[in-house]
> 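I am attaching a structure below and will ask some questions about it afterwards.
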Amino acid sequence: MSETAGGLTTALAGVADPRARRGVRHRLCVVVTAVVCAVVAGYRSYSAIAEWVADVPDETAEALGIAADRRPSEAMIRRLLQAMDADVLTTAISGWLVGRATISASGVRRAIAVDGKTLRGSRTAVAAADHVMAACDQGTGVVLASTDVDGKTNEITRFQPLLDQIGDLRDTVITADALHCQRDHVAYLAERGAHWILTVKANQPHLHAQLAGLPWRAVPDATRHDDRGHGRREIRTCKILTVSPGIDFPHAAQAIQVHRRRRRLDEPKRFTTETVYAITDLQVHQAKPDQLAAWIRGHWSIENKIHWVRDVTYDEDRSQIRTGTGPQVMAALRNAAIGALRLAGVTNIAAANRHHARDSSRTLALLGIT
């Protein structure tokens, strides 16, 4: 297999192979790279992925490092993916994707959104659905780290182990929903040299009441955005106040009020409204209002960039993959495919799946395999 520097197979070389060494015909990095190619082309199940591997031209198979007359079977692919360490795989894939991403503009802080997702298709008659928490780069939509949230714990206890997988957080802005508005979390982020923007809701009733009681009526709108998409119109306004010493939360420097009005385009007179509060440790001189609003909006956009694509385009919630670490590993591989397509400038993932399904050499080009 020949690939450009920093290729996927190189990144996967350090992932431990869970199989016994005796009798291994196909290296882990080769099989996983082939699976990512199939997922890029829109294939979802183990059997569909195996069919893609079996059907690609000999030239494509050989470029992937697979002998044309001895290709991985569905059973081999299934058993390997069900036994892999999903967190280690995500770390390897994120390192590869980050290496392909363009460097951020000078002076612009990196923002990482921490968000969880339930893999509903993994639910069985005797076991609850798996839940995965991920850290996503807001600018690229690349998943940088992920961790499994099993039934014995919750997202709060997995926050620090998740971010421990990311090497350097200095000057990075971490955005998270209200569940993670925790004092232990901001103490941890301060130790890592990171900044934060946290949503505040009813799980912090005293803090929420303090923020709601601030003199917002006297504060002019700092930003206003009017967006249309997905069959609806949304108007967002953002107000920002420097926090007074009376706000009961460590390191809080500014309070933010986001007011959202939404309506479906086919119902022009029916608006729904929502007011959301957030706090940040960023000082006035460290981030302009437009940037704060963009980071908050960027956190919400992860739902569209990743979760919605996995649910709708890849039909993840109805996936029948349930055994072992299969659900988490397949989620990581879907993230790899989505990330690679996003970095290539793709905005419509479904159309890109069809484009790559028509010609297997296109997937090789996307992943830098020649």
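Quantities reported herein were computed from a predicted structural model and do not represent experimental measurements.
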> Within 45 degrees of the axis of the six-membered ring of Trp300 and under 6.0 Å from its centre: does Arg236 put its NZ or CZ there?
no
> Taking all non-hydrogen atoms of both residues into account, name the closest pair between Asp281 and Gln286 and its distance.
O-OE1, 4.0 Å
> If you look at every heavy atom in Arg192 and Gly167, which pair is closest and at what distance?
NH2-O, 3.0 Å
> For residues 33-47, which residue pairs pass the salt bridge (charged side-chain N to carboxylate O under 4.0 Å, His left out) check, not counting sequence neighbours?
Arg44-Asp315
> Between Thr140 and Asp137, do the side chains contain a donor N or O and an acceptor N or O under 3.5 Å apart?
yes
> Return yes when atom CZ of Arg183 has more than 12 non-hydrogen atoms of other residues, nucleotides or ligands closer than 6.0 Å, and no otherwise.
yes
> Report the relative orientation of the aromatic rings in Phe159 and Tyr188; use parallel for angles under 30°, tilted for 30 to 60°, perpendicular for over 60°.
perpendicular
> Who are the side chain to side chain contact (heavy atoms under 4.5 Å, CB included) partners of Asp226, not counting sequence neighbours?
Arg224, Arg233, Ile235
> We want to know whether Thr275 and His259 form a side-chain donor-acceptor pair, criterion being a heavy-atom distance below 3.5 angstrom.
yes
> Going from CD1 on Ile369 to OG1 on Thr363, what distance comes out if it is rounded to the nearest 0.5 angstrom?
7.5 Å
> Looking at every heavy atom in both Trp216 and Ala255, which two are closest together, and how far apart are they?
CH2-O, 3.6 Å
> Counting C-beta onward and ignoring hydrogens, is there a side-chain heavy-atom pair between Thr272 and Arg260 closer than 4.5 Å?
no
> Which one of Arg263, Arg297, Arg262 satisfies the salt bridge (charged side-chain N to carboxylate O under 4.0 Å, His left out) criterion with Glu234?
Arg262
> Got more than 12 heavy atoms from elsewhere within 6.0 Å of CZ, Arg358?
yes
> Less than 3.5 Å apart, any donor N or O on the side chain of Thr175 or Gln138 sitting next to an acceptor on the other?
yes
> Side chain to side chain contact (heavy atoms under 4.5 Å, CB included) with Thr280: which of Ile197, Leu198, Ile296?
Ile197
> Are Leu89 and Leu144 in one and the same hydrophobic cluster, where Ile, Leu, Val, Met, Phe, Trp and Tyr link if side-chain heavy atoms are under 4.5 Å apart?
yes
> Which atoms form the tightest heavy-atom contact between Cys181 and Leu207, and what is the distance?
SG-CD2, 3.9 Å
> Checking Arg19 against Asp17 for the salt bridge (charged side-chain N to carboxylate O under 4.0 Å, His left out) test, could you report, in this order, the C-alpha distance in whole Å, the side-chain angles of both residues, the deciding distance, and whether it holds?
CA-CA 6 Å; Arg19 299 170 294 178; Asp17 192 329; 2.6 Å; yes
> Do Leu8 and Leu81 sit in one hydrophobic cluster, given that two such residues count as connected whenever their side-chain heavy atoms are within less than 4.5 Å of each other, even indirectly?
yes
> Of the options Thr10, Leu12, Leu367, which is the one that meets Trp96 in a side chain to side chain contact (heavy atoms under 4.5 Å, CB included)?
Leu367
> Please report the closest heavy-atom contact between Pro18 and Leu80, naming both atoms and the distance.
CD-CD1, 3.8 Å
> Verify the distance criterion only: is there a donor paired with an acceptor across the side chains of Tyr43 and Asn353 at less than 3.5 Å?
no
> When hydrophobic residues are tied together by side-chain contacts of less than 4.5 Å, even through go-betweens, does Val88 share a cluster with Val30?
yes
> Taking all heavy atoms of Ser146 and all of Gln165, pick out the closest pair and write down the distance.
O-NE2, 3.0 Å
> How many angstroms lie between OG1 in Thr242 and CD1 in Ile247, if you round to the nearest 0.5 Å?
11.5 Å
